[in-house]
Engineer: 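Here it is, the structure in full.
Please read all numbers here as calculations on a predicted model, not as lab measurements.
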Amino acid sequence: MERLFEYFSKPKSDKPHSNNDVDVSFYISTLTALPRNFHNNIYNGVNIIMLLQDQAEYAVKVPLYATFKQAATLLEEIKDTLPDKSDDFDPDKPLKGITLDHLVVKYLETYKKQGKTISKALFEKRTQGMTAKKIKEAGFSYQKGLKGYKVFPLEKIQHLLPDKFIKERDYFAKQQALEAKVMLPENQDLAFVKKAQLIIDEVGVPVIEKTAIKPITPPKSIALLCRLEKIQL
């Protein structure tokens, strides 16, 4: 029903609607915010687009991401506070089972002299006025471009994160506040009825309430008949 409602609630044309149109609104239970990295900084460029798309596809509620190394380093620092070893958890391998499903990219510039990394300022100073050939002959080299790496949402290990870390990142508190919003039972029933009515109005199929076991197919309508057949092997 949720998929039907999503389909029929989206405007598709300017055709007239019935007098039974209803306005259905619901609580949003997922945080709508730009993705942030381990240091609580908003991603930039194409990373925002890629992570927003993944946020919907993977149903990420708290868009805070970290690399495996960043998370492992943090948990190693608080290893004494981690849960004891059990069938489902090993404090020596707290990230076991975590998958890195989200790709982000970073622009990198690397400058070297005889294979050793040097600063950009030193490279530019030593190679000023040189051609590419002379730069290479002098033992200098440089690389520029995008490098991809994988991250995962920190909500997967939220139960392991220290309180200080969580409090410094308000996305966790905002998501908790959203989840705390619950409709009253009578409103939940009303919302269900409104959603069902919207679908019925759009489909245009009459609804017949009947207590008999045998269903009645309305005239001039399309029926889908399902028949169970016993297959003899």
Engineer: In terms of heavy-atom contacts, does OH of Tyr142 have more than 12 from other residues, nucleotides or ligands at under 6.0 Å?
Structural biologist: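 Result for OH/Tyr142: open.
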Engineer: So do Ser119 and Tyr111 actually touch side chain to side chain, heavy atoms under 4.5 Å?
Structural biologist: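 Counting from C-beta outward, Tyr111 and Ser119 never come under 4.5 Å.
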Engineer: Closest heavy-atom contact between Val105 and Met50?
Structural biologist: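 Result for this residue pair: N-CE, 4.3 Å.
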Engineer: Decide yes or no for Thr110 and Ser141: does some side-chain heavy atom of the first lie under 4.5 Å from some side-chain heavy atom of the second?
Structural biologist: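 Side-chain contact under 4.5 Å: no.
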Engineer: For Gln128 and Glu124, does a side-chain donor sit closer than 3.5 Å to a side-chain acceptor?
Structural biologist: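 No.
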Engineer: Mind listing the closest non-hydrogen atom pair of Gln55 and Pro63 along with its distance?
Structural biologist: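 Closest heavy-atom pair between Gln55 and Pro63: OE1-CB, 3.7 Å.
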Engineer: Quick one: CG on Asn47 to CG on Leu103, what's the gap to the nearest 0.5 Å?
Structural biologist: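 Here the interatomic distance stands at 8.0 Å.
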Engineer: Let me see the working for Leu154 and Val62 under side chain to side chain contact (heavy atoms under 4.5 Å, CB included), right down to the final yes or no.
Structural biologist: CA-CA 8 Å; Leu154 283 167; Val62 183; over 6 Å; no
Engineer: So Tyr43 and Leu34, do their side chains get closer than 4.5 Å, heavy atoms only?
Structural biologist: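 Leu34 does not reach Tyr43 side chain to side chain.
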Engineer: Can you see which heavy atom on Asp92 is nearest to which on Lys79, and at what distance?
Structural biologist: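 Nearest heavy atoms, Asp92 then Lys79: OD1-NZ, 2.6 Å.
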Engineer: For residues Leu146 and Tyr107, determine if any side-chain heavy atom of one lies less than 4.5 Å from a side-chain heavy atom of the other.
Structural biologist: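 In short, these two side chains touch, coming nearer than 4.5 Å.
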Engineer: Would you say the side-chain atoms of Lys113 pair up with the backbone N or O of Ala138, donor to acceptor, closer than 3.5 Å?
Structural biologist: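 Indeed, once roles are kept as given, a pair shorter than 3.5 Å links the two residues.
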Engineer: What distance do Ile48 atom CD1 and Arg36 atom CZ have between them, rounded to the nearest 0.5 Å?
Structural biologist: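 Here the interatomic distance stands at 10.5 Å.
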Engineer: Do the non-hydrogen side-chain atoms of Ile98 and Lys156 ever get within less than 4.5 Å of each other?
Structural biologist: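 They are in contact (side-chain heavy atoms under 4.5 Å apart), so the answer is yes.
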Engineer: Do you know which two heavy atoms are closest between Leu31 and Lys174, and how far apart they sit?
Structural biologist: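 Leu31 and Lys174 have their closest heavy atoms at CD1-CB, 3.9 Å.
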Engineer: Mind checking whether Leu95 and Ile157 have side chains closer than 4.5 Å, heavy atoms only?
Structural biologist: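 A side-chain contact under 4.5 Å exists here.
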Engineer: Taking the side chain as every heavy atom from C-beta outward, state whether Gln175 and Glu155 have any pair of such atoms under 4.5 Å apart.
Structural biologist: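 The answer is no, as the side chains (C-beta and beyond) never meet within the 4.5 Å cut-off.
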Engineer: Nearest 0.5 angstrom please: Gln53 CD to Tyr58 OH, how far?
Structural biologist: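 Those atoms lie 9.5 Å apart.
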Engineer: Identify the two heavy atoms, one from Phe152 and one from Leu100, that lie closest to each other, and give their separation to 0.1 Å.
Structural biologist: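 Result for this residue pair: CD2-CD2, 3.5 Å.
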Engineer: Taking everything shown except Glu109 itself, do over 12 heavy atoms lie less than 6.0 Å from its CD?
Structural biologist: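 Atom CD in Glu109 is crowded, with more than 12 foreign heavy atoms closer than 6.0 Å.
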Engineer: Please find the pair of heavy atoms, one from Gln158 and one from Ile166, that lie closest to each other, and give the distance.
Structural biologist: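 Looking at all heavy atoms of both residues, the shortest contact is O-CD1, 3.8 Å.
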Engineer: Does the side-chain hydrogen bond (donor to acceptor under 3.5 Å, both in side chains) test come out yes or no for Thr99 and Asp101, once each step is laid out?
Structural biologist: CA-CA 6 Å; Thr99 57; Asp101 299 316; 2.9 Å; yes
Engineer: I'd like to check Leu52 versus Pro35 (side-chain heavy atoms, cut-off strictly below 4.5 Å). Are they in contact?
Structural biologist: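 With C-beta onward as the side chain, the pair touches.
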Engineer: Around Asp84, counting heavy atoms of other residues, nucleotides and ligands shown, do more than 12 lie under 6.0 Å from its CG?
Structural biologist: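 No, the 6.0 Å shell around CG holds no more than 12 heavy atoms from other groups.
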Engineer: Not counting sequence neighbours, list each pair that qualifies as a ring-ring contact (aromatic ring centres under 6.0 Å, His included) and has a residue in residues 155-180.
Structural biologist: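 Every ring-ring contact (aromatic ring centres under 6.0 Å, His included) pair that includes a residue of residues 155-180, provided the two are not neighbours, is Phe38-Phe165.
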